[in-house]
Q: 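Structure provided below as structure tokens; questions to follow.
Labels below follow one simple rule: chain letters A, B, ... track the order of the sequence lines, proteins then strands, and each chain is numbered from 1. Hydrogens, waters and symmetry mates are skipped; everything else that's a heavy atom, side chains included, is used.
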Number of protein chains: 2
Amino acid sequence: MVNTAPPVGYALKHAQSLLHLRMEEALKPLHLTVSQYSCLFRLRREPGISAAALARATFVTRQSMNAMLQQLIDRDLVARPSRARTGRALPTVLTVAGADALDAAQKLVDGVEQRMLSGLSMAANDALARGLASCINSLEE
Amino acid sequence: MVNTAPPVGYALKHAQSLLHLRMEEALKPLHLTVSQYSCLFRLRREPGISAAALARATFVTRQSMNAMLQQLIDRDLVARPSRARTGRALPTVLTVAGADALDAAQKLVDGVEQRMLSGLSMAANDALARGLASCINSLEE
DNA sequence: TTGACCATGTCAGTAGCCTGACATACTCTG
DNA sequence: CAGAGTATGTCAGGCTACTGACATGGTCAA
């Protein structure tokens with residue numbers, strides 16, 4: 001007897017959709033979208049990263065990322081040179097204002113994430129993370 | 001010592017993004033998008049459901065759902081009356097062609113889902129499903 | 001050195017989904 | 001019975017992300 005509908009994929013979508021919604025709500029006062037937050041977050045972890053690499057890390061196309069970066073540059077949260085020192089990649093970095101915005105956003109996002117995981121024991125949290133990692137591994141390539 | 005970046009939210013996004021991508025690839029030969037598949041899937045489970053309820057179940061707005069339903073109606077995969085017998089809700093149902101398309105799509109999607117879960121034991125699969133359910137529960141309202 | 005190959009950035013066009021707003025139909029309370 | 005409240009469908013407009021295409025710069029093998 002098999003399931004008529006394996007619920008894992010649906011649950012994944014449901015959870016991600018809700019997480020995105022709550023994050024969007026939380027970040028609204030800062031006038032940041034989830035995508036913009038992800039971008040700033042990754043920029044702190046990898047200063048000087050190229051826009052294309054940033055795009056891959058945040059699951060959008062490089063075209064979308066460049067459009068988003070332009071907005072963030074206009075708001076002075078991010079900076080990058082107009083010409084590459086070498087190659088074509090333009091190394092992008094956080095500005096001071098960008099780092100400040102990220103700090104504020106981080107607190108709000110952490111709250112949402114804690115809320116999401118509040119019903120899980122440490123072991124269950126671990127099992128969830130491990131399960132997701134396995135799914136990711138099985139799906140890539 | 002706390003994590004600089006709690007990876008669960010990111011892993012959730014990563015997994016969902018990959019799953020969506022693989023499903024999109026798998027459904028391409030049928031000229032169906034993931035959203036359309038989700039819509040058909042839900043329609044089989046709940047024949048006669050309203051477009052608004054369908055929208056909630058598939059995590060889009062009712063405006064988007066109505067636009068999508070119009071496409072599916074044009075392709076004769078879905079049908080619904082032009083007037084409601086009672087109230088405003090227009091009960092939507094699968095056509096025979098829609099059921100056939102869903103059957104074909106189901107096989108492909110099941111393959112993707114199995115691939116995603118292929119690295120997990122039954123217990124780990126269970127723990128993942130339970131963890132996601134807990135996250136969903138904690139995040140709604 | 002040269003030519004294939006790949007990565008990056010950019011331009012143009014398209015599609016999907018969203019928010020905001022409104023009319024309609026039912027329900028429920030006073 | 002009158003009114004508010006809720007749910008559904010629909011129209012209009014806008015924004016975001018996508019695909020497709022191209023030029024540029026670097027790498028690597030022949």
Side-chain angles (χ1 to χ4, degrees), chain A residues 13 16-18 20-25 27-28 31-40 42-43 46 48-75 78-93, chain B residues 13-14 16-18 20-25 27-28 31-40 42-43 46 48-75 78-93 141:
Chain A
K13 169 70 177 173
Q16 202 276 327
S17 173
L18 274 176
H20 193 274
L21 180 66
R22 297 303 173 220
M23 286 177 66
E24 210 75 67
E25 290 171 357
L27 291 173
K28 197 150 203 172
H31 302 287
L32 281 178
T33 66
V34 175
S35 294
Q36 289 169 336
Y37 160 77
S38 303
C39 177
L40 297 179
R42 195 73 187 192
L43 274 176
E46 289 189 45
I49 193 178
S50 73
L54 200 48
R56 285 190 296 270
T58 54
F59 315 110
V60 295
T61 60
R62 43 183 207 278
Q63 293 89 332
S64 300
M65 179 52 69
N66 273 307
M68 201 168 76
L69 282 178
Q70 195 49 59
Q71 288 185 331
L72 294 174
I73 289 172
D74 291 344
R75 288 169 63 181
V78 150
R80 67 173 175 170
S82 51
R83 292 192 171 280
R85 294 179 46 101
T86 175
R88 294 208 71 198
L90 303 175
T92 309
V93 292
Chain B
K13 169 70 178 173
H14 194 172
Q16 203 276 326
S17 173
L18 274 176
H20 192 274
L21 179 66
R22 297 303 173 221
M23 285 176 67
E24 209 75 65
E25 290 170 357
L27 292 173
K28 197 150 204 171
H31 302 287
L32 281 178
T33 67
V34 175
S35 294
Q36 288 169 337
Y37 160 77
S38 303
C39 177
L40 297 180
R42 194 74 186 192
L43 273 176
E46 290 189 44
I49 192 178
S50 72
L54 201 48
R56 285 190 296 269
T58 53
F59 315 111
V60 295
T61 60
R62 40 182 212 277
Q63 292 90 331
S64 299
M65 179 52 69
N66 274 307
M68 200 168 77
L69 282 179
Q70 194 50 58
Q71 288 186 330
L72 294 174
I73 289 171
D74 291 344
R75 288 169 63 182
V78 150
R80 68 173 174 172
S82 51
R83 292 192 172 280
R85 294 178 47 100
T86 174
R88 294 209 72 198
L90 303 175
T92 309
V93 293
E141 198 44 36

Q: Would you compute the distance between atom CE of A/Met68 and atom CD1 of A/Ile73 and round it to the nearest 0.5 angstrom?
A: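 Result: 11.0 Å between the selected atoms.
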
Q: Under 3.5 Å, which protein N or O atoms sit close to an N or O of nucleotides 1-6 of chain C? Give each pair with its distance.
A:
none

Q: What is the bend of the helix from C/dT1-D/dA30 to C/dG30-D/dC1 when you compare the axis at one end with the axis at the other, using five pairs each and rounding to 10°?
A: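 That helix gives 30° between its end axes.
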
Q: Output all residues satisfying side-chain hydrogen bond (donor to acceptor under 3.5 Å, both in side chains) with B/Ser64, sequence neighbours left out; order by chain, then residue number.
A: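 B/Ser64: side-chain hydrogen bond (donor to acceptor under 3.5 Å, both in side chains) contacts with B/Thr61.
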
Q: Listed by chain and number, what are the salt bridge (Lys or Arg N to Asp or Glu O under 4.0 Å) partners of A/Arg62, not counting sequence neighbours?
A: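 For A/Arg62 there are no salt bridge (Lys or Arg N to Asp or Glu O under 4.0 Å) partners, ignoring immediate neighbours.
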
Q: Under the side chain to side chain contact (heavy atoms under 4.5 Å, CB included) rule, collect the residues that match up with A/Ala67, sequence neighbours excluded.
A: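 Here no residue qualifies.
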
Q: Just checking, any donor-acceptor pair under 3.5 angstrom between side chains of A/Gln70 and A/Asn66?
A: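 No.
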
Q: Table please: side-chain donor-acceptor pairs of residues 50-57 of chain A below 3.5 Å, with sequence neighbours left out.
A:
| from | atom 1 | to | atom 2 | distance (Å) |
| --- | --- | --- | --- | --- |
| A/Ser50 | OG | A/Ala53 | N | 3.1 |

Q: Please report, rounded to the nearest Å, how far the C1' atom of C/dT8 is from the CZ atom of A/Arg88.
A: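 These atoms are roughly 6 Å apart.
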
Q: If you compare all heavy atoms of A/Leu40 against all heavy atoms of A/Leu72, which two are closest, and at what distance to 0.1 Å?
A: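 Nearest heavy atoms, A/Leu40 then A/Leu72: CD2-CD1, 4.2 Å.
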
Q: Which residues satisfy the salt bridge (Lys or Arg N to Asp or Glu O under 4.0 Å) test with B/Glu24, sequence neighbours excluded?
A: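 Scan of B/Glu24 (salt bridge (Lys or Arg N to Asp or Glu O under 4.0 Å), adjacent residues dropped) gives none.
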
Q: Contact class for A/Arg80 (heavy atom, under 4.0 Å): base, sugar-phosphate, or nothing?
A: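 Sugar-phosphate only.
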
Q: In this structure, how many angstroms lie between the C1' atom of C/dA7 and the CG atom of A/Leu90, rounded?
A: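 Checked: the CG to C1' distance equals 13 Å.
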
Q: Does A/Glu25 form a salt bridge (charged side-chain N to carboxylate O under 4.0 Å, His left out) with A/Arg22? I'd like the steps, not just the answer.
A: CA-CA 5 Å; A/Glu25 290 171 357; A/Arg22 297 303 173 220; 3.1 Å; yes

Q: B/Glu46: what forms a salt bridge (Lys or Arg N to Asp or Glu O under 4.0 Å) with it, not counting sequence neighbours?
A: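 Testing B/Glu46 for salt bridge (Lys or Arg N to Asp or Glu O under 4.0 Å), a comparison that skips the adjacent residues, returns B/Arg42.
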
Q: Within the structure provided, determine whether B/Val78 and B/Val93 are in side-chain contact (heavy-atom separation under 4.5 Å).
A: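 In short, these two side chains do not touch, never coming nearer than 4.5 Å.
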
Q: Who pairs with B/Arg80 by salt bridge (Lys or Arg N to Asp or Glu O under 4.0 Å), at least two apart in sequence or on another chain?
A: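 Applying salt bridge (Lys or Arg N to Asp or Glu O under 4.0 Å) to B/Arg80 gives none.
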
Q: Which part of the nucleic acid, if any, lies within reach of A/Ser35 when heavy atoms closer than 4.0 Å are counted: base, sugar-phosphate only, or nothing?
A: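 It contacts sugar-phosphate atoms only.
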
Q: Measure across A/His31 and A/Gln36 and return the closest heavy-atom pair with its distance rounded to 0.1 Å.
A: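 Between these two residues, the closest heavy atoms are O-OE1, 3.9 Å.
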
Q: Heavy atoms under 4.0 Å, any strand shown: does B/Thr33 hit a base, just sugar-phosphate, or nothing?
A: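 Touches nothing.
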
Q: Across the strands shown, which category fits B/Arg56 at heavy-atom distances under 4.0 angstrom: base, sugar-phosphate, nothing?
A: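 The answer is sugar-phosphate, as B/Arg56 gets under 4.0 Å only of primed atoms, P, OP1 or OP2.
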
Q: What are the residues of residues 58-74 of chain B, sorted by number, that bring a heavy atom to within less than 4.0 Å of DNA chain D?
A: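 Within residues 58-74 of chain B, the residues near DNA chain D are B/Arg62, B/Gln63, B/Asn66.
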
Q: First and last nucleotide of DNA chain D touching chain B, 5' to 3', heavy-atom cut-off 4.0 Å?
A: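 For DNA chain D, the relevant span reads D/dT8 to D/dC11.
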
Q: Using whole Å, report how far CD of A/Glu24 lies from P of C/dC18.
A: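 Going from A/Glu24 (CD) to C/dC18 (P), I get 11 Å.
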
Q: Mind checking ring-ring contact (aromatic ring centres under 6.0 Å, His included) for A/Phe59 and listing every partner two or more places apart, or none if nothing turns up?
A: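 For A/Phe59, the residues satisfying ring-ring contact (aromatic ring centres under 6.0 Å, His included) (neighbours in sequence not counted) are B/Tyr10, B/His14.
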
Q: To the nearest angstrom, how far is B/Gln36 atom CD from C/dC17 atom C1'?
A: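 Value for this atom pair: 14 Å.
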
Q: Would you indicate what B/Ala51 reaches in the nucleic acid, counting non-hydrogen atoms under 4.0 angstrom: base, sugar-phosphate, or nothing?
A: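 Touches sugar-phosphate only.
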
